[in-house]
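Here's the structure we're looking at; comments come further down.
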Amino acid sequence: MIDEIRIAIVYDNYLTISGLENDWGFAAFIEGEKIKMLFDTGGNGELLLRNMTKMKIDPKRIEKVFLSHFHGDHTGGLKSILRENPNLEAFVPKSFSKDLKQGYRYREIREFCEIMPGFYSTGEMGRAVIEQTLIINTSKGLLIITGCAHPGIVEIVKRARERLKRPIHLVLGGFHLFSSDEQKIRMIATELKKMDVEKVAPCHCSGDNARRIFKEIFGDDYYEIGVGWSVEVR
Ligand SMILES: [Zn+2]
Ligand SMILES: [Zn+2]
């Protein structure tokens, strides 16, 4: 189990600190006692590196990259990160195309598994767009970090709960609800509450409506996040 972990948003549609840059896409820097990992890489590598520099995160120290799915707004920055650190290892869905797996060290993920001590992948999920989600097993409960949640945020949380049988401390990332109607968003927020999700931090493709409704339903347990935002869980 992980006792201390820090997550910082380095690429997102939303901005929380002026002076940084927002753009459609997502990337989060995850730092623990033993690990420095980038979750997704945003779309524009140069923008990603500019944000990281301003946030005092050294890309040369990134050891692992977790790629949720093949969409360009999550994988586009990979080349720039590789230029900074060609030796990093990536965790990629097995279904990635040959082109997307070229020029770096990677491990293919297909099923639910522990990728490093305390860090899990849901394994490949979904049909139209195949995606893996990162789960970190902390002493406070599970942290679930999604790219776009194309397989459905409820399905993803369900899998994490079923496999690890632990309370869920925080679900963070793209919930992919930007084109969903209010009624559906309310249903999903209520469903997550019912599954005892403690805190939520929807960003990227979640949409303004979802952010408003999740805020209403989760109250103080809703985090309004974007580029520049970070949290320490310990
Ligand atoms: Zn996306
Ligand atoms: Zn996507």
Side-chain angles (χ1 to χ4, degrees), residues 7-16 20-30 37-52 65-81 90-97 99-101 106 108-110 121-135 143-160 170-181 184-185 188 192 200-214 223-229:
I7 301 170
I9 309 303
V10 290
Y11 205 109
D12 192 45
N13 301 41
Y14 298 92
L15 196 63
T16 63
L20 298 170
E21 296 169 74
N22 56 325
D23 183 32
W24 184 282
F26 186 66
F29 176 68
I30 299 165
M37 177 193 266
L38 192 64
F39 175 98
D40 285 345
T41 63
N44 176 335
E46 300 315 307
L47 192 156
L48 172 70
L49 291 177
R50 283 199 296 276
N51 278 343
M52 286 177 74
V65 173
F66 185 100
L67 294 173
S68 63
H69 66 299
F70 68 89
H71 284 161
D73 55 328
H74 298 256
T75 55
L78 180 62
K79 276 206 178 95
S80 303
I81 293 294
F91 301 100
V92 307
K94 191 169 194 310
S95 56
F96 258 23
S97 70
D99 283 355
L100 256 182
K101 289 187 284 204
Y106 61 86
E108 291 180 327
I109 309 291
R110 192 183 151 85
S121 166
T122 56
E124 291 186 321
M125 293 179 72
R127 286 201 187 122
V129 179
I130 291 173
E131 181 169 342
Q132 61 169 343
T133 298
L134 180 68
I135 311 164
L143 306 185
I144 300 176
I145 303 172
T146 62
C148 275
H150 290 292
I153 190 69
V154 171
E155 287 308 307
I156 291 168
V157 171
K158 247 185 213 160
R159 178 168 298 191
L170 170 65
V171 185
L172 176 155
F175 288 12
H176 209 71
L177 298 170
F178 68 93
S179 57
S180 301
D181 62 40
K184 188 179 173 196
I185 298 169
I188 287 170
L192 293 190
V200 287
C203 58
H204 178 38
C205 54
S206 302
D208 293 340
N209 273 339
R211 279 163 61 105
R212 178 176 52 80
I213 293 164
F214 271 88
Y223 288 133
E224 184 118 337
I225 75 168
V227 177
W229 181 89

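In each ligand, atom 1 is the first atom listed, and ligand 1 is the first ligand listed.
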Exercise. Heavy atoms, side chains only, cut-off 4.5 Å: are Phe96 and Ile130 in contact?
Worked result: no

Exercise. If we only count heavy atoms from C-beta on, is the Thr16 to Ile9 side-chain gap below 4.5 Å?
Worked result: no

For this session: Check each of Tyr14, Trp24, Phe178 against His204 using the ring pair (Phe, Tyr, Trp, His ring centres under 6.0 Å) test, and report the only one that passes.
Result: Trp24

For this session: Identify which one of Pro202, Cys205, Cys203 satisfies the side chain to side chain contact (heavy atoms under 4.5 Å, CB included) criterion when paired with Phe175.
Result: Pro202

Problem set entry | Among Leu134, Thr41, Leu38, the one residue meeting side chain to side chain contact (heavy atoms under 4.5 Å, CB included) with Phe66 | Leu134

Seminar exercise, completed: Tested for side chain to side chain contact (heavy atoms under 4.5 Å, CB included) against Val157, the lone hit among Ile188, Leu192, Thr122 is Leu192

For this session: Everything protein-side that's N, O or S and under 2.8 Å from the Zn ion (ligand 1): list it, residue and atom.
Result: Asp73 OD2, His74 NE2, Cys148 SG, His204 NE2

